[in-house]
Amino acid sequence: MVEDVTIGHSNVLTGKRESEIKMPRLGLGVWQMIGEGECKSAVSHALNSGYRLIDTARAYSNEQETGEAVIESDLPREEIFVVTKLRRVEAVGYEETIAQCKSSLEKLGLEYMDLYLVHAPPEDIEARPNVWKGMEECLALGLTRSIGVSNYGAHHLDEMRSYATVLPSINQIEIHVLNQRPALCAATRAIGAIPMGYSPLARGQKILVDERLKKIADSAGCTPAQAAIKWVYDTGAIVIPKSSNPERIEENLASIEINLAGSEEAIASMEEGYVSGWNPTIEH
Ligand SMILES: NC(=O)c1ccc[n+]([C@@H]2O[C@H](COP(=O)([O-])OP(=O)(O)OC[C@H]3O[C@@H](n4cnc5c(N)ncnc54)[C@H](OP(=O)(O)O)[C@@H]3O)[C@@H](O)[C@H]2O)c1
């Protein structure tokens, strides 16, 4: 069974954790599910298979299908953890942030979301404090049960101490065997947040054909994808592999049963700082 992790927001002044909630540590990512019905059918299949966490974003253009699958499932709403994100180009100010959160809820067809993330550090540095104030207001209004960030580097997180009332519960960043990011995970935990690893399969390219990972997977009796996903899970991060394929959706969930004991050194040696997509964590 997928474990839960407790997430919450540390008060910047007192350091006290506020408004704690539980979040599943493995979920389905739905980026690039843009064919008609593709996202809805993948989310429905994932929910039927045992997934309880879905990661979408305004930028993925599939909040509506995600919400439809959530609403039409037999599961009570409170058993499903829905994440969406404030698009970077719309992360420009306080009012805009609240308006975008409400607009995402409308597209999802839901009364609340479970986690709202700033998709990447707002390009306008001056706007960052007001955007975060807007995120805090979304939390206070009950539009979302928690708030966090994505693609924030250690310096972005540190800066938040100067303008936040509560710090993020999550920092969603690229994490996989070829880009293990121990320093950024530590910086994330240092502000009381949990790392959420995206692209655990490096977008399905380099990792899945890596001979070293194939060997590790063979010795653990699993597929390379399962070894890659389970490694992220074993670091204590939340992991959100994407698949539109029913068999692979199930295969990825079954990765939590895999035992990678004995492969720690072999996996550690795979680190090469490989970035499969964008990397706003290093921007100003
Ligand atoms: N915050 C951000 O900036 C950010 C950036 C990137 C991603 N994300 C989130 O993280 C999620 C996952 O990352 P990702 O979509 O970049 O890539 P990923 O999960 O690393 O890889 C997805 C690719 O791997 C394939 N795949 C999935 N399971 C497989 C398996 N068991 N065997 C072989 N191939 C498999 C998929 O194809 P099929 O669909 O055909 O199975 C797809 O091509 C996204 O969907 C999104 O929710 C967030």
Side-chain angles (χ1 to χ4, degrees), residues 24-35 37-39 41-43 45-46 49 51 53-63 65-66 81-89 91 113 115-123 148-153 156 168 170-179 181 184 188 193 195-210 213-214 217 222-233 237-258 274-283:
R25 289 220 290 114
L26 184 143
L28 181 75
V30 301
W31 181 46
Q32 288 181 323
M33 294 189 191
I34 44 167
E38 182 183 359
C39 179
S41 101
V43 173
H45 188 74
S49 308
Y51 286 72
L53 160 63
I54 309 295
D55 181 80
T56 182
R58 169 55 61 86
Y60 305 167
S61 303
N62 55 22
E63 286 173 314
E65 287 201 13
T66 298
F81 197 103
V82 178
V83 184
T84 193
K85 311 183 191 85
L86 172 67
R87 214 155 59 141
R88 196 177 206 189
V89 291
M113 57 186 75
L115 172 63
Y116 196 40
L117 299 175
V118 183
H119 207 139
E123 278 172 333
V149 295
S150 177
N151 296 299
Y152 274 47
H156 298 126
I170 290 287
N171 185 19
Q172 186 181 115
I173 50 176
E174 180 169 346
I175 308 176
H176 47 69
V177 291
L178 302 178
N179 192 6
R181 301 199 120 157
L184 186 48
T188 296
M196 182 171 180
Y198 72 68
S199 303
L201 308 174
R203 307 193 177 191
Q205 300 152 22
K206 220 164 127 85
I207 285 185
L208 296 176
V209 293
D210 190 300
L213 188 67
K214 277 190 188 156
C222 66
T223 65
Q226 288 176 320
I229 293 164
K230 186 58 175 5
W231 174 80
V232 179
Y233 188 87
I238 296 155
V239 62
I240 44 166
K242 175 265 173 186
S243 181
S244 305
N245 173 290
E247 286 79 34
R248 290 196 283 273
I249 287 173
E250 291 170 39
E251 175 188 331
N252 295 346
L253 178 63
S255 66
I256 55 169
E257 309 299 337
I258 304 307
Y274 173 70
V275 175
S276 69
W278 64 339
N279 188 13
T281 67
I282 54 169
E283 294 174 12

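Position 1 is the first residue of the sequence; numbering continues from there. All ligand and atom numbering here is 1-based and tracks the order in the structure. Given the structure is predicted, the values throughout are model-derived calculations rather than measurements.
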Nearest heavy atom to [atom]: which of [options] does it belong to?
| atom | options | answer |
| --- | --- | --- |
| atom 42 (C) of ligand 1 | K242, Q32, E250 | K242 |
| atom 24 (O) of ligand 1 | S243, G204, A225 | G204 |
| atom 48 (C) of ligand 1 | Q172, R88, M33 | Q172 |

I'd like to check which ligand 1 atoms, numbered from 1 as shown, lie under 4.0 Å from a non-hydrogen atom of [X].
| X | result |
| --- | --- |
| P241 | 19 (O) |
| D55 | 9 (C), 46 (C), 47 (O) |
| W278 | 3 (O) |
| H119 | 1 (N), 2 (C), 3 (O) |
| N252 | 27 (C), 28 (N), 30 (C), 31 (N) |
| P200 | 19 (O), 20 (O) |

Which residue and non-hydrogen atom of the protein lie closest to [atom], and at what distance in Å?
| atom | answer |
| --- | --- |
| atom 7 (C) of ligand 1 | Y198 CD1, 3.6 Å |
| atom 12 (C) of ligand 1 | I240 O, 3.0 Å |
| atom 45 (O) of ligand 1 | W31 N, 3.0 Å |
| atom 3 (O) of ligand 1 | N151 ND2, 2.9 Å |
| atom 34 (N) of ligand 1 | L208 CD1, 3.4 Å |
| atom 17 (O) of ligand 1 | R203 CA, 3.5 Å |
| atom 14 (P) of ligand 1 | S199 OG, 3.7 Å |
| atom 40 (O) of ligand 1 | R248 NH2, 2.8 Å |

Single hit among L213, I175, I258, V239 for side-chain contact (heavy atoms from CB on, under 4.5 Å) with W231 |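 Among L213, I175, I258, V239, the one that satisfies the side-chain contact (heavy atoms from CB on, under 4.5 Å) with W231 is I175.
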Which value, rounded to the nearest 0.5 Å, describes the distance between [X] atom [atom1] and [Y] atom [atom2]?
| X | Y | atom1 | atom2 | result |
| --- | --- | --- | --- | --- |
| R181 | T188 | CZ | OG1 | 9.0 Å |
| I249 | S41 | CD1 | OG | 7.0 Å |
| Y233 | Q226 | OH | CD | 14.0 Å |
| I256 | K230 | CD1 | NZ | 8.5 Å |
| D210 | K206 | CG | NZ | 7.5 Å |
| I173 | S150 | CD1 | OG | 8.5 Å |

Using the side-chain hydrogen bond (donor to acceptor under 3.5 Å, both in side chains) rule, take S276 and E174 through it: C-alpha gap first, then chi angles, then the decisive distance, then the call.
-> CA-CA 8 Å; S276 69; E174 180 169 346; 2.9 Å; yes
Side chain to side chain contact (heavy atoms under 4.5 Å, CB included) between L26 and L53, worked out = CA-CA 7 Å; L26 184 143; L53 160 63; over 6 Å; no
Could a heavy atom of G277 be found less than 4.0 Å from some atom of ligand 1?
->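 Outside the 4.0 Å threshold, so no.
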Going by an N to O cut-off under 4.0 Å, is there a salt bridge joining K242 and D55?
->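 No, K242 and D55 are not salt-bridged.
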What is the ring orientation for H119 with W278, classed by angle as parallel under 30°, tilted 30 to 60°, or perpendicular over 60°?
->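 Plane angle over 60°, so perpendicular.
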Is N245 close to ligand 1, meaning an N/O of one under 3.5 Å from an N/O of the other?
->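 No - when backbone and side-chain N and O of N245 are compared with those of ligand 1, no distance drops under 3.5 Å.
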What residues, two or more places apart in sequence or in another chain, satisfy ring-ring contact (aromatic ring centres under 6.0 Å, His included) together with Y152?
->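 If we apply the ring-ring contact (aromatic ring centres under 6.0 Å, His included) test to Y152, skipping adjacent residues, the hits are H156.
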